[in-house]
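Reviewing the structure listed below.
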Amino acid sequence: MALAVIALAAIVPLVTHGTTDASDPAVVAIVTSDGVVACSGTVIAPHFVLTAGHCIVPEIAQGASVVFGTQAGAPSATVPIAASRVDPTFDAVSLADDAAILVLAAGAPAAPVPLATSAPAVGANVTLVGWGETGADAGDFGAKRTGASTVTAVDATTFTVAAMPSQPCEGDSGGPALAPDGSLAGITSHGDAACAAGAVYTRVDAVTAGFVTPTLAVLGDGTSAPGQRCLYPEQCTGGAGACLVAGDDPDVHYCTADCTFDADCPHGMLCAATADLRTRCVYPFPTPGAIGAPCTGDGDCVEGACTSAAACGLQCVPGGAACPGSSQCTLLGGVDFECTAPGTPQAEGGASCTFTRPASPAPLVLALPFVVALLRRGGRRRSRSSATRAGATAKPR
């Protein structure tokens with residue numbers, strides 16, 4: 001909802017929308033790869049944005065970014081999204097526990113907003129911020145706006161607001177309701193289709209202990225050791241430059257360390273030269289989690305698909321977007337095509353993708369610029385969440 005502060009013109013004469021907001025730099029727009037404002041969100045730590053669970057749809061998993069500033073078309077900064085995590089108790093139908101965290105590929109150029117430790121009281125005024133439209137079907141997404149609402153009801157996990165004179169609307173989903181002390185009290189969840197009668201916010205204090213705190217504890221700065229997966233450089237214990245992009249699958253990133261001998265490296269890794277002329281601990285191909293790597297379950301694979309061949313794969317369409325690295329689009333049986341390692345037996349009637357890349361004969365891992373490697377390959381990635389907008393009992397913003 002862009003603080004598309006919708007004014008109830010029939011009730012509050014002359015007020016039609018909120019004002020352009022330049023005073024909340026941590027409130028970001030979530031923009032798809034084709035430049036569409038999908039949702040809003042709030043920076044809560046240098047690499048983390050809190051938003052709504054229903055915002056995590058395939059478009060967010062395919063090359064989306066967050067933008068800073070006041071105009072999405074002319075942002076002051078743009079940061080790619082490395083991953084998303086949805087509150088495990090989120091219900092896509094009822095929109096209960098409607099919360100998600102975006103992991104940023106680089107540090108946010110804005111100070112985080114502190115989390116409220118309690119819900120605002122009934123009758124309290126809250127400040128709404130978002131990048132959505134100023135009214136139902138207005139279509140004027142992409143400007144950050146702010147306005148005021150009053151809390152009318154509070155329960156264990158949500159609170160409801162009424163226009164004073166503002167309401168959120170389409171595109172404001174995931175944006176904040178800020179308490180008078182400036183803390184993040186609520187996450188924009190849903191409201192009426194006209195963006196006029198009221199809106200429901202997920203209470204931030206209700207999702208902090210069970211979702212936000214443990215997520216940051218697992219994915220925060222310095223939480224990954226050499227050999228473990230990473231989403232951004234500072235997540236590695238070795239700091240910036242220690243998160244490598246696997247040479248056989250650009251979606252696989254893992255932490256490394258300088259070395260002299262293989263014995264200096266964790267089990268399964270080798271000491272080898274990388275593209276930046278340093279000797280570091282690297283994985284021989286196939287990199288664990290990459291297409292073609294052995295697996296026993298989906299959790300072993302970065303793309304989340306352990307195929308019937310006990311190797312990591314990815315759904316694909318013959319003749320469509322290229323499979324990553326040297327993998328090929330293979331019919332494994334039935335109607336499902338998967339990106340698999342070269343040489344995987346193909347079912348009768350299968351057809352390979354038209355593009356493949358030769359496998360590297362040596363365990364050389366290219367230390368490519370991290371942000372470049374995070375650009376998603378359109379049309380092939382599976383969403384990490386089952387959440388969709390369809391079937392919701394109220395209209396997500």
Side-chain angles (χ1 to χ4, degrees), residues 1-30 37-42 50-52 54-55 69-72 95 98 113 116 118-155 158-204 392-397:
M1 305 177 155
L3 247 202
V5 182
I6 292 192
L8 300 178
I11 300 176
V12 187
L14 303 180
V15 179
T16 55
H17 35 65
T19 58
T20 300
D21 181 18
S23 60
D24 295 293
V27 179
V28 300
I30 302 169
V37 173
C39 281
S40 303
T42 309
L50 188 61
T51 187
H54 73 262
C55 288
T70 59
Q71 298 291 328
L95 298 180
D98 194 2
V113 175
S118 62
V122 172
N125 291 331
V126 292
T127 300
L128 314 182
V129 186
W131 295 72
E133 55 186 351
T134 57
D137 301 319
D140 51 353
F141 299 89
K144 183 163 62 177
R145 301 181 179 92
T146 185
S149 284
T150 297
V151 176
T152 58
V154 179
D155 66 22
T158 66
F159 62 85
T160 303
V161 301
M164 281 294 289
S166 300
Q167 282 283 277
C169 203
E170 295 285 345
D172 290 324
S173 279
L178 301 174
D181 64 0
S183 63
L184 176 56
I187 306 165
T188 307
S189 178
H190 58 278
D192 64 293
C195 306
V200 177
Y201 281 75
T202 300
R203 285 177 51 175
V204 169
T393 57
K395 189 172 184 181
R397 290 296 185 229

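For reference, positions follow the sequence shown, starting with 1. Everything numeric here is computed off the predicted structure, so don't read it as measured data.
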| request: Report the distance from atom CG of Leu178 to atom CG of Asp24, rounding to the nearest 0.5 Å. | output: 5.5 Å
| note | The side-chain hydrogen bond (donor to acceptor under 3.5 Å, both in side chains) partners of Ser183 (sequence neighbours excluded) come to Asp181
| task | Spell out, as yes or no, whether a donor-acceptor pair under 3.5 Å connects the side chain of Gln167 to the backbone of Cys195. | result | no
| message | Ignoring hydrogens, what is the shortest heavy-atom contact between Ser189 and Asp98? Give both atom names and the distance. | response | OG-OD2, 2.7 Å
| task | Output all residues satisfying side chain to side chain contact (heavy atoms under 4.5 Å, CB included) with Ala72, sequence neighbours left out; order by chain, then residue number. | result | Val37, Val67, Trp131
| remark: side chain to side chain contact (heavy atoms under 4.5 Å, CB included) filter on Thr152, not counting sequence neighbours, yields Thr160, Ala162
| query | If you look at every heavy atom in Ala193 and Ala136, which pair is closest and at what distance? | reply | O-CB, 3.6 Å
| message | If the condition is side chain to side chain contact (heavy atoms under 4.5 Å, CB included), which residues does Ser23 pass it with, not counting sequence neighbours? | response | Asp21
| field | Value rounded to 0.5 Å, distance of CZ in Arg203 from CZ in Phe159 | value | 9.0 Å
| Is Lys144 reaching over with its side chain to a backbone N or O of Gly69, donor-acceptor style, under 3.5 angstrom? | yes
| Once you round to the nearest 0.5 Å, how far does CG of Leu50 lie from OG1 of Thr42? | 6.5 Å
| field | Closest heavy-atom pair and its distance - Ala163, Ser149 | value | CA-OG, 4.1 Å
| said: Could you tell me if the side chain of Thr134 sits less than 4.5 Å from the side chain of Arg145, heavy atoms only? | reply: yes
| Do any N or O atoms from the side chain of Ser40 and from the backbone of Gly171 form a donor-acceptor pair under 3.5 angstrom? | yes
| request: Supply the atom-to-atom distance Ser173 OG to Ile30 CD1, rounded to the nearest 0.5 angstrom. | output: 9.0 Å
| field | Closest approach of Val151 to Ala121 (non-hydrogen atoms, all atoms of both residues) | value | CB-O, 3.5 Å
| Side-chain touch Tyr201/Ile187, heavy atoms, less than 4.5 angstrom | no
| field | Nearest-0.5 Å distance that lies between atom CG in Leu95 and atom OG1 in Thr158 | value | 11.0 Å
| Non-hydrogen atoms of Gly186 and Val204 that approach each other most closely | N-CG2, 3.7 Å
| query | How about Pro176 and Val27: do any of their side-chain heavy atoms sit closer than 4.5 Å? | reply | yes
| Which residues share a side-chain hydrogen bond (donor to acceptor under 3.5 Å, both in side chains) with Thr150, sequence neighbours left out | Asn125
| query | Nearest heavy-atom pair of Ala153 and Val122: which atoms, and what distance? | reply | CA-CG2, 4.0 Å
